[in-house]
Amino acid sequence: MQAKKRYFILLSAGSCLALLFYFGGLQFRASRSHSRREEHSGRNGLHHPSPDHFWPRFPDALRPFVPWDQLENEDSSVHVSPRQKREANSSIYKGKKCRMESCFDFTLCKKNGFKVYVYPQQKGEKIAESYQNILAAIEGSRFYTSDPSQACLFVLSLDTLDRDQLSPQYVHNLRSKVQSLHLWNNGRNHLIFNLYSGTWPDYTEDVGFDIGQAMLAKASISTENFRPNFDVSIPLFSKDHPRTGGERGFLKFNTIPPLRKYMLVFKGKRYLTGIGSDTRNALYHVHNGEDVVLLTTCKHGKDWQKHKDSRCDRDNTEYEKYDYREMLHNATFCLVPRGRRLGSFRFLEALQAACVPVMLSNGWELPFSEVINWNQAAVIGDERLLLQIIQDRIFKHISRNSLIWNKHPGGLFVLPQYSSYLGDFPYYYANLGLKPPSKFTAVIHAVTPLVSQSQPVLKLLVAAAKSQYCAQIIVLWNCDKPLPAKHRWPATSVPVIVIEGESKVMSSRFLPYDNIITDAVLSLDEDTVLSTTEVDFAFTVWQSFPERIVGYPARSHFWDNSKERWGYTSKWTNDYSMVLTGAAIYHKYYHYLYTHYLPASLKNMVDQLANCEDILMNFLVSAVTKLPPIKVTQKKQYKETMMGQTSRASRWADPDHFAQRQSCMNTFASWFGYMPLIHSQMRLDPVLFKDQVSILRKKYRDIERL
């Protein structure tokens, strides 16, 4: 462990280069098939699971590449419109799709090995001390070559470290200067270093010029813009960071983590307005002045007094009482919240002091994450956890216990307002020694008038009622016509309850109705065609996967390169990422989450379009579980029959309906901050399904006749 700490002290540009090409470059040819992580893994502010995580691996989803619009002149006004802000945040450079196999020329490295060429410094160009140290470290390493013809990698002498337009270190007209370099070659085989990008008030990750196919060694890079096995995330370090050597680490005993005077500490700026202010402004709730010491000051910047709030004077006084270095070296855990940007000096400072970093910086791709499993060296939390913890303190009668906080899916997705009993959630059956529910409630969404006794909704109701697992049937009447008379509904062996949907909107099908008495919900569209055997089989599969959506109609998402956005497809392929709620089983807790966790803006969009509610439910469940849904036995009849029905056929065939679903995909992904849907190629069939044996030996024999 002591050696590991010394490693971080010696952290420098040279080690960055070595890591990049020993692990991500030269070895790529020998180990091309091994990915650092699943790119679509649940991000929500948490670090990605290690490759040996106990969950099965699923095919990698496409990353959210977003359109690029030509950046404006780098010297223009720093104030941008909301549209420009979104574009800059989501599309920082044109080479977003670059990977080693597509944007790096390995042939340059075959003859002379891994050699790095540093461009000669141009006359009159200013270079900050930090960048001079990086270049000096490279030139003093065994990788350096002064002959560009022998080089495998090229590093600019133009200072790219600080791309904040308000900084005195900012280099103007960098775009034209880079393009004029005769070896630039659109950035191919180039490495660009950057510590600061963007400026007030948005602090985007825009470096102010087109990097082409160059790799980035960048601090404060987000998981959204990070290109795995191509870019290298580096820690933010100060100008005083030693080029070599430095102080020894402070881990002196074989106690991990060391037990010290303070349990948790932080001392730093508190931003009164703008990006990065939310988390630090809430720290005073946790500060107790004893073992948890979290100090902030408003006293920074020229205009801080204009924005000061009622706590500033008190916070500033408390702030001056403590010495930062003394706190750092006498604490077991050191809080590392995001500032204006995702990274913080405190990350390296905490490691050097043998203080376990507690990360609160949603979406930060941690330094050297390609080779370092930070789950073993840091506590990686979510910025939203802070407010959730405070909420639990206030409402202790419904606070979350230790198991909820420390077991998947964590406290953010387990809302104690739903229930104080863990057995009411689908995630803890194994921990509590409970069996999954043995009965379900069928909820049929009806949107067309009941005019004939031969309508599909009545056949569906009878088929569901005959299931041995059915406890009751609820018909959600979202039709503009009045409720049919009671005698119009067929007689069944289970109760049939007809209720009117709230406001007749699509989201009402996912309200947590008190009438639903079972934990399992069989969600059905009125024109779905399912047999009793299919219902039984799907439910038995769901009992083995109670936290997921299990069902029949599958759909998928993909990245549309031509439109630079997420797409939705209903084509029959070998994989899927969604199971539509027109014929699916899931836990009723997801009704509660849909209603109380998702923002009103997304639900309003669904209701205005009368569309996409099934997609949004899939986004939600995949975001919670970090797993794909499960499709059961292939049933093309579902699709063919759907197209033949009158009630919804026009909707599914309508091009506008399909275009709306494409738009929903991108709006939902934007709110979640990533694409939570996960592709899967798994389909579960009954034992002996389609096997050449007697039909009498098969439990779900009727499925093969459909």
Side-chain angles (χ1 to χ4, degrees), residues 42 53-56 58 400-401 403-404 406-416 418-443 464 467-472 474 509-510 512-513 516-524 530 534-554 576-597 614 617-633 676-678 680 682-686 700:
H53 194 271
F54 63 86
W55 292 113
F58 296 92
R400 283 152 282 207
N401 62 28
L403 178 62
I404 292 177
N406 294 284
K407 171 134 181 93
H408 184 78
L412 288 178
F413 290 113
V414 178
L415 305 184
Y418 176 74
S419 176
S420 59
Y421 175 51
L422 293 184
D424 288 335
F425 298 90
Y427 319 109
Y428 309 110
Y429 293 147
N431 296 84
L432 301 176
L434 300 176
K435 292 183 178 180
S438 59
K439 296 286 185 178
F440 66 79
T441 295
V443 179
S467 170
Q468 59 181 309
Y469 306 110
C470 184
Q472 62 173 357
I474 294 177
R509 73 181 299 176
F510 296 137
Y513 294 104
I516 302 177
I517 60 175
T518 62
D519 284 339
V521 174
L522 170 62
S523 177
L524 298 167
L530 285 180
E534 288 175 299
V535 171
D536 284 349
F537 176 64
F539 182 70
T540 58
V541 171
W542 178 85
Q543 287 179 309
S544 297
F545 305 94
E547 76 282 9
R548 302 206 223 176
I549 297 177
V550 175
Y552 287 94
Y576 62 93
S577 58
M578 291 172 277
V579 167
L580 303 188
T581 54
I585 302 173
Y586 51 79
H587 198 282
K588 75 172 182 179
Y589 174 59
Y590 292 122
H591 278 211
Y592 189 87
L593 266 188
Y594 186 100
T595 302
H596 296 285
Y597 178 82
D614 47 0
M617 178 60 88
N618 273 269
F619 266 70
L620 175 63
V621 177
S622 290
V624 173
T625 63
K626 308 298 186 293
L627 294 169
I630 293 178
K631 176 174 173 53
V632 288
T633 306
L677 298 179
I678 300 171
S680 175
M682 181 175 72
R683 189 189 81 204
L684 297 184
D685 299 337
Y700 300 101

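Along the sequence shown, residues are numbered consecutively beginning with 1.
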(request) Could you walk me through whether K588 and T518 pass the side-chain contact (heavy atoms from CB on, under 4.5 Å) test, one step at a time? (result) CA-CA 8 Å; K588 75 172 182 179; T518 62; over 6 Å; no

Heavy-atom distance under 4.5 Å between the side chains of [X] and [Y], does that happen here?
{"X": "Y586", "Y": "F545", "answer": "no"}
{"X": "Y594", "Y": "L620", "answer": "yes"}
{"X": "N618", "Y": "I549", "answer": "yes"}
{"X": "V550", "Y": "V579", "answer": "no"}
{"X": "P553", "Y": "K631", "answer": "no"}
{"X": "M617", "Y": "D614", "answer": "no"}
{"X": "Y589", "Y": "D519", "answer": "no"}
{"X": "Y576", "Y": "I678", "answer": "no"}

Which heavy atom in [X] sits nearest to a heavy atom in [Y], and how many Å separate them?
{"X": "F537", "Y": "P686", "result": "CZ-N, 3.3 Å"}
{"X": "K407", "Y": "N431", "result": "CE-OD1, 2.7 Å"}
{"X": "V535", "Y": "Y552", "result": "N-OH, 4.4 Å"}
{"X": "P512", "Y": "H596", "result": "CG-NE2, 4.4 Å"}
{"X": "L524", "Y": "A464", "result": "CD1-CB, 4.5 Å"}
{"X": "S577", "Y": "P629", "result": "O-CD, 3.4 Å"}

Looking at [atom1] of [X] and [atom2] of [Y], how far apart are the two atoms once the value is rounded to the nearest 0.5 Å?
{"X": "W542", "Y": "I630", "atom1": "CH2", "atom2": "CD1", "value": "11.5 Å"}
{"X": "R400", "Y": "L422", "atom1": "CZ", "atom2": "CG", "value": "12.0 Å"}
{"X": "H587", "Y": "E547", "atom1": "NE2", "atom2": "CD", "value": "10.5 Å"}
{"X": "L530", "Y": "L522", "atom1": "CG", "atom2": "CG", "value": "7.5 Å"}
{"X": "D536", "Y": "Y469", "atom1": "CG", "atom2": "OH", "value": "5.5 Å"}
{"X": "T540", "Y": "Q468", "atom1": "OG1", "atom2": "CD", "value": "9.0 Å"}

(message) For H591 and Y513: C-alpha separation, side-chain torsions, deciding distance, then whether side-chain hydrogen bond (donor to acceptor under 3.5 Å, both in side chains) applies.
(response) CA-CA 8 Å; H591 278 211; Y513 294 104; over 6 Å; no

(request) Determine, stepwise, if the pair F539 / S467 fulfils side-chain contact (heavy atoms from CB on, under 4.5 Å). (result) CA-CA 10 Å; F539 182 70; S467 170; 6.0 Å; no

(message) According to side chain to side chain contact (heavy atoms under 4.5 Å, CB included), who are the partners of S419, at least two apart in sequence or on a separate chain?
(response)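 With sequence neighbours excluded, S419 shows a side chain to side chain contact (heavy atoms under 4.5 Å, CB included) to Y421, D424, F425, given in chain and number order.
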
(message) Can you classify the ring geometry of F413 versus Y597 as parallel (below 30°), tilted (30 to 60°) or perpendicular (above 60°)?
(response)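 Ring orientation of F413 relative to Y597: tilted.
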
(request) Determine, step by step, whether I516 and V521 satisfy the side-chain contact (heavy atoms from CB on, under 4.5 Å) criterion, reporting the C-alpha distance in whole Å, the side-chain angles of both residues, the deciding distance to 0.1 Å, and the verdict. (result) CA-CA 8 Å; I516 302 177; V521 174; 4.0 Å; yes

(request) Would you sort out whether R509 and S523 count as a side-chain hydrogen bond (donor to acceptor under 3.5 Å, both in side chains), showing the intermediate values? (result) CA-CA 9 Å; R509 73 181 299 176; S523 177; 3.3 Å; yes

(message) Set out, in order, the CA-CA distance, both residues' side-chain angles and the distance that settles side-chain contact (heavy atoms from CB on, under 4.5 Å) for Q543 and V541, then state yes or no.
(response) CA-CA 5 Å; Q543 287 179 309; V541 171; over 6 Å; no

(message) Looking only at side-chain N and O atoms, does Q472 offer a donor or acceptor that is under 3.5 Å from a partner on T441?
(response)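 Their side chains do contain a donor-acceptor pair, which is all the 3.5 Å distance test asks for.
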
